[in-house]
Chemist: 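Here it is: the structure, laid out below.
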Amino acid sequence: AQKVTQAQTEISVVEKEDVTLDCVYETRDTTYYLFWYKQPPSGELVFLIRRNSFDEQNEISGRYSWNFQKSTSSFNFTITASQVVDSAVYFCALSEGFTGNQFYFGTGTSLTVIP
Amino acid sequence: DAGVTQSPTHLIKTRGQQVTLRCSPISGHKSVSWYQQVLGQGPQFIFQYYEKEERGRGNFPDRFSARQFPNYSSELNVNALLLGDSALYLCASSWAGGTYEQYFGPGTRLTVT
């Protein structure tokens, strides 16, 4: 079974629209960490956010926001007023356990922002 | 400050050969992880090293091995290459392991013919 599921394979939005990328995870650990990474066409993965399992507060960083809900095992990512530069593949990832020595990435969501 | 560096950038090998990939972490980072990324898929975790010790291993065959040196740089070795080993190999460094954010290098593109 997939530890991290990103059901949306590809999404296209028109510039300035809001878009939400879904992430559902599966773990039996009570301590775990969730991450989002961006992989632009240039190829290098860029860290966006890290969230531990004990902190369910939503976070906002500029146009980016994250909604963490343990009840539904989801960690969704919303981009507000999307821009062409947001076009990339976005990966959700899970690190299990106190030492985080197992790491799982989802299959990614490819976002295209159309000007 | 320099980011994570990997060498070589590209590599072409023949089935059955052996390959060594190298990674230098960000200065001050003590943990290095290796991932395999096949085109169109997410990175698959191979190894995590912290303070020169293996801390985690993904579901990869024993043909894959790695080590971390006293200066925290790392090597990934793959023996008896198969066509299916063709992929982008990513190295990531973090301050102290998988609970912290990881910073990725540009990767090594391995092609096995």
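Letters go in sequence order (proteins before strands), and every chain restarts at 1.
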Chemist: How would you list all residue pairs meeting ring pair (Phe, Tyr, Trp, His ring centres under 6.0 Å) that involve residues 10-31 of chain A, not counting sequence neighbours?
Modeler: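 Checked against ring pair (Phe, Tyr, Trp, His ring centres under 6.0 Å) - neighbours excluded - the pairs reaching residues 10-31 of chain A are A:Y25-A:Y32.
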Chemist: Does the ring centre of A:F105 sit less than 6.0 Å away from the ring centre of B:Y35?
Modeler: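 Yes; A:F105 has its ring centre under 6.0 Å from that of B:Y35.
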Chemist: List the steps and the verdict of side-chain contact (heavy atoms from CB on, under 4.5 Å) for A:Y104 and B:Q44.
Modeler: CA-CA 7 Å; A:Y104 306 93; B:Q44 297 292 312; over 6 Å; no
Chemist: Just wondering, more than 12 heavy atoms not from B:I12 lying within 6.0 Å of its CD1?
Modeler: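 It does not: B:I12 CD1 has 12 such atoms or fewer within range.
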Chemist: Around B:N71, counting heavy atoms of other residues, nucleotides and ligands shown, do more than 12 lie under 6.0 Å from its CG?
Modeler: yes
Chemist: Test of understanding: clusters of I, L, V, M, F, W, Y form through side-chain heavy atoms closer than 4.5 Å, transitively. Do A:Y33 and B:F45 belong to the same one?
Modeler: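 Shared cluster, yes.
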Chemist: Are the side chains of A:F91 and B:Q37 in contact, using a 4.5 Å heavy-atom criterion?
Modeler: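 Yes. Closest side-chain heavy atoms under 4.5 Å.
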Chemist: Check this for me: B:K52, atom NZ, are more than 12 non-hydrogen atoms of other residues, nucleotides or ligands nearer than 6.0 Å?
Modeler: yes
Chemist: Within residues 37-45 of chain A, which positions have a heavy-atom distance to chain B below 4.5 Å?
Modeler: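 When heavy atoms of chain B are the reference, residues 37-45 of chain A contributes A:Y37, A:Q39, A:E44, A:L45 within the under-4.5 Å range.
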Chemist: Taking all non-hydrogen atoms of both residues, which atom of A:F47 and which atom of B:E101 are closest, and how far apart?
Modeler: CE1-CB, 3.2 Å
Chemist: Under the 3.5 angstrom rule, does the side chain of A:R50 hit a backbone N or O of B:T99 as a donor-acceptor pair?
Modeler: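 Flag set: sc A:R50 to bb B:T99 pair under 3.5 Å.
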Chemist: Between A:V13 and A:W66, is there shared hydrophobic-cluster membership here, with clusters defined by ILVMFWY side-chain heavy atoms closer than 4.5 Å?
Modeler: yes
Chemist: Linking I/L/V/M/F/W/Y whenever any side-chain heavy atoms sit under 4.5 Å apart, do A:L21 and A:V84 land together?
Modeler: no
Chemist: Would you say B:Y100 and A:F35 are hydrophobically clustered, going by side-chain heavy atoms of ILVMFWY under 4.5 Å?
Modeler: no
Chemist: Just so I understand: if I count every heavy-atom pair under 4.5 Å between each of B:P43, B:S33, B:G42 and chain A, which residue has the most?
Modeler: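 With the most close heavy-atom pairs to chain A, the winner is B:P43.
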Chemist: Do B:L76 and B:Y72 share a hydrophobic cluster, counting only Ile, Leu, Val, Met, Phe, Trp and Tyr and linking them when any side-chain heavy atoms are less than 4.5 Å apart?
Modeler: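 Different hydrophobic clusters.
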